[in-house]
Every structure is written in C-alpha cells, then in structure tokens.
Amino acid sequence: MSSPNFVMEEPALLAELGDVAGLDVLDLGCGDAALGAMLLQQGSASYLGVDGSREMVSRAEETLQDARGTVALQNMEELSLRDGSVDLVVSRMALHYLEDLEAILRSCHAALRPGGRMCFSVLHPVITSSDVQSSPGRPRGSWTVDDYFVGGARERLWMGDTVTWFHRTIEQYVGALIGAGFTLTALRECEPEPSRFGGDEAELTRRRRAPLFLLLSARAT
C-alpha cells in the first residue's frame, strides 16, 4: 500500500515550488526537515524550520547537515520574524492543526519580501469533515463527507493518538489567504502521480477515488 504523502502530496508540492535556488525559506511545522534538506540541495540560500515538538526538532537537527539550515523549537502560533526576511514560506500538513489560521497567515505575509510566496498543504476538507472509517486493518475503500459546511474543531484518532483538526472548506482556506493580503496563484488537489506507484495499477485506481490533500500557493502583494 502506497504512502499517500509520497504518491500524492509530495509531487504536487515540489511541482508547485519550482526553482528555489537563492531563496530564504521558512518551513512551518517542519517535522524531521526532510523537505529542508531537499530544498537546500536544490540551492536554497537558507532554511529555517519551525516545529513545536522537541522530538521532531531533534530529528530535524540530525537531518540538516548543511550549515545554511537551522531549526527552532517553537509553536507556529508564536512565530515572530523580522518583516521582509524570507522569500518563501512552506508548510506541509500542519496548518489544519491551528485554530487561528488567519493570524499565522498575516504573520507569514509580513515575514515575506515583496513578491514572496507561500505554499502549504493540508488534509483535504472532504477528509476533515467526517470521521467515518473503513474496517480497521484494511485499505480504506470509502470516504464519507458530512457536516462539510460546519467548520471548527474535529477530534480524530490518528496514528494511535487522539488529535484535533480544524475543519475548513476550500472556500474558507482561499478566503483566509486573500484576507491576509495574498493573491492566490494555484490550487491543487494533489492528484496521484502515476510514476510513483511502481506499476501498481490497483493502488493507483484506489488513490484516484477521493482527494486526500489540498495544496494552495499564493504571492504576497
């Protein structure tokens, strides 16, 4: 069974980021900073990863062998950067954990240089809307959309723990970006990338049944 992040979210994100050579990058919810290592390899001028988990920060420090890459133990909600200090803000699968999305988007807008970009992925709203699961231990074969227009906190069992996601519609995500001063440049639903399935046509067909991720890219204006 394929990792949906590998076959869906990652190829869409990398395609959207494009050429990052010479850019100062901020990564919100950086996890183990695997993306940071990749961007530095591609020529980013600098990379700052921010994560609220001490364990993830330790892993990130191990990952970042390049002196241009650093990581900070900090909650995203407490982000404080000099205005106009970065060229690109990226966040993978983290912003749906935040209740006050608008505040973090305003902080990101302020941190970006004129014409800078923000690109982030979140769980698709059709996934965060409902918690109806398939049979445990079997590949998921159905997805239920319910209470789609009822935004707010959703408690979910995720990777063995209970977590809180904040459900928003696609319209609300786009509206939050525009309200923070961004101009939307791309909206992707991360269609599966066939070349990453190793010829497993059945799994490719399964992954094409429902969108799992939403990716938005915007420019600071």
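Computation of the quantities below employed the complete heavy-atom set of this structure, encompassing side-chain atoms and omitting hydrogens, waters and symmetry-equivalent molecules.
- In this structure, the ring pair (Phe, Tyr, Trp, His ring centres under 6.0 Å) partners of His167, at least two apart in sequence or on a different chain, are Tyr148.
- Contact check on Arg59 versus Glu62 returns no salt bridge, with no Lys/Arg side-chain nitrogen under 4.0 Å from an Asp/Glu carboxylate oxygen.
- Under the 6.0 Å distance and 45° angle rule, Arg196 counts as a cation-pi partner of Phe6.
- A distance-only check finds a donor-acceptor pair linking the side chain of Arg156 to the backbone of Thr128 [under 3.5 Å].
- Side-chain contact of Asp24 with Ser46: a donor-acceptor pair under 3.5 Å is present, judged by distance alone.
- By the rule that hydrophobic residues join a cluster once side-chain heavy atoms approach within less than 4.5 Å of another member, Met118 and Leu14 end up as members of separate clusters.
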Are Glu102 and Arg106 close enough, and set up right, to give a salt bridge (Lys or Arg N to Asp or Glu O under 4.0 Å), and what steps lead you there?
-> CA-CA 6 Å; Glu102 290 78 5; Arg106 289 193 297 270; over 6 Å; no

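- How far CZ of Arg92 is from CG of Leu35: 5.5 Å, rounded to the nearest 0.5 Å.
- Inter-residue side-chain proximity for Ser217 and Thr185 is flagged as met; some heavy-atom pair is nearer than 4.5 Å.
- Remark: the backbone N or O of Glu77 is not paired with any side-chain donor or acceptor of Asn75 at under 3.5 angstrom.
- In this pair, His109 and Phe182 present their aromatic rings perpendicular. The plane angle is above 60°, beyond the 30 to 60° band.
- Distance CG/Leu123 to CE/Met93: 3.5 Å, rounded to 0.5 Å.
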